Amino acid sequence: MLQFLLRRLTGAVVIMFLIGAFTFFLFYTIPQDFAELSCGKNCTPENIAVIRENLGLDKTITAQFWDFMVGIVTGRDFPQGHCPAPCLGVSFSSGDFVWDSIMDRFPLTLSLTVGGLVIFLLFGLGTGLLAAWKRGTVVDKIVSGASMVLSSFQIYFLGPVVLGILVFSTGWMDNPKYVPFTDNPGDWFMGMLIPWAVMATIFTAQYTRMARSTMIEQLQEEHVRTARAKGMRRGYVFFRYAWRGSLIPIVTIIGMDLSALLAGAVVTEFTFDLAGIGRLAVVSSLTKDLPLTMGVMLFGAFFILVLNIIVDLAYAYIDPRVRLA
């Protein structure tokens with residue numbers, strides 16, 4: 001297990017370095033003077049030269065890349081002050097430290113992700129298990145049909161419909177907004193309820209179908225059929241053997257969805273006008289803000305790699321047949 005962790009952590013560091021290098025050098029293929037872009041309109045050549053020096057753009061590309069990667073570990077000094085590790089540089093457009101900008105947006109994205117995850121896992125897995133338990137009955141057909149219809153919806157369609165009904169037409173709820181949990185837990189919950197509900201509706205349908213299909217598949221396995229043949233209760237076999245075996249593909253998808261949501265739920269945030277990591281990523285790309293774009297990409301890649309490692313470790317505990325070499 002320890003050797004597995006060391007290998008995965010080493011590989012994660014290498015991948016993070018390659019992602020940073022690819023993004024950094026790719027942006028320098030854009031025919032754009034980043035100092036001029038940061039200076040804005042009515043900017044003199046003298047101001048551009050000062051900005052280029054302050055941002056380190058007067059150095060070679062390799063030297064700038066080296067400063068960037070070293071700054072992640074040790075921090076860097078800028079005219080704005082010292083940027084402590086992990087220092088991801090200074091935004092070209094705002095002049096703020098990239099790490100501070102990301103951390104300002106991350107609580108919203110984290111709230112959106114965790115709340116939605118809890119809802120769609122509870123309802124998705126619950127209805128999927130119910131459909132598998134009642135396979136072939138009216139309940140199974142209703143659950144399967146509803147999940148198939150709902151899974152065809154998209155957030156950018158369902159979101160405006162829900163807003164139009166609950167917010168603008170009836171006035172039953174306020175427009176979604178983010179209030180820090182520490183400021184007011186009630187306002188935090190109500191402000192995120194509509195995005196949670198819309199996102200959970202679509203994800204619930206997907207997890208319902210997945211849970212149902214994997215459970216039905218597991219119920220046909222030899223060890224499950226043997227347990228039933230030995231006279232074990234149906235409920236015990238269902239949850240003790242079949243449910244445990246069906247968790248591996250479900251956990252895999254959970255890890256992928258969770259890492260994608262933490263990296264930035266772009267469509268959800270734009271649909272409900274929420275300023276999270278996803279919105280920050282789009283804005284930084286449109287403004288050609290190299291440090292901010294690289295920071296968001298590395299931030300997202302970090303969660304993807306960490307959650308993939310956690311998922312791999314979870315396999316050994318979910319299914320004893322799985323062994324980590």
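Fair warning: this is a prediction, and the values are worked out from it, not measured in the lab.
The closest donor-acceptor contact from the side chain of Thr113 to the backbone of Leu110 lies at 3.5 Å or more, if one exists at all.
Remark: Met69 CE is packed, more than 12 non-hydrogen atoms of other residues, nucleotides or ligands lying under 6.0 Å away. In this structure, Phe270 places its CZ atom where more than 12 heavy-atom neighbours from other residues, nucleotides or ligands lie under 6.0 Å away. Counting heavy-atom neighbours within 6.0 Å of Met256 CE, excluding the residue itself, gives a total of 12 or less.
Residues Val98 and Cys83 are not in side-chain contact: their nearest non-hydrogen atoms beyond the backbone lie 4.5 Å or more apart. In this structure, the side chains of Ile194 and Met173 come closer than 4.5 Å at one or more pairs of heavy atoms. Considering only heavy atoms from C-beta on, Met215 stays 4.5 Å or farther from Trp133 through its side chain. In this structure, Asp174 and Met190 have side chains that are not in contact, with every pair of non-hydrogen atoms separated by 4.5 Å or more. Looking only at side-chain heavy atoms (C-beta outward), Thr268 and Phe272 come within less than 4.5 Å of each other. The shortest distance between side-chain heavy atoms of Thr271 and Pro160 falls below 4.5 Å. No side-chain heavy atom of Trp99 sits less than 4.5 Å from a side-chain heavy atom of Pro84. Between Leu292 and Val283 the shortest side-chain heavy-atom distance does not fall below 4.5 Å.
If you look at Phe17 and Phe65, their ring centroids are closer than 6.0 Å.
Residue Ala211 comes nearest to Gly128 through the heavy atom pair CB-CA, 3.9 Å, listed as atom of the first residue, atom of the second, then distance. Here the closest heavy-atom approach between residue Tyr178 and residue Leu108 is recorded as CB-CD1, 3.3 Å. Ser147 approaches Ala205 most closely through the heavy-atom pair O-CB, 3.3 Å.
Expressed to the nearest 0.5 Å, how far CG of Asp140 lies from CZ of Arg212 amounts to 4.0 Å.
Taking the six-membered ring where tryptophan is involved, the planes of Phe24 and Phe68 are tilted, since the angle between them lies from 30° to 60°.
Between Arg279 and Asp273 there is a salt bridge, since a side-chain N of the basic residue sits under 4.0 Å from a carboxylate O of the acidic one.
No hydrogens or angles considered: nothing links the side chains of Ser101 and Asp96 as a donor-acceptor pair under 3.5 Å.
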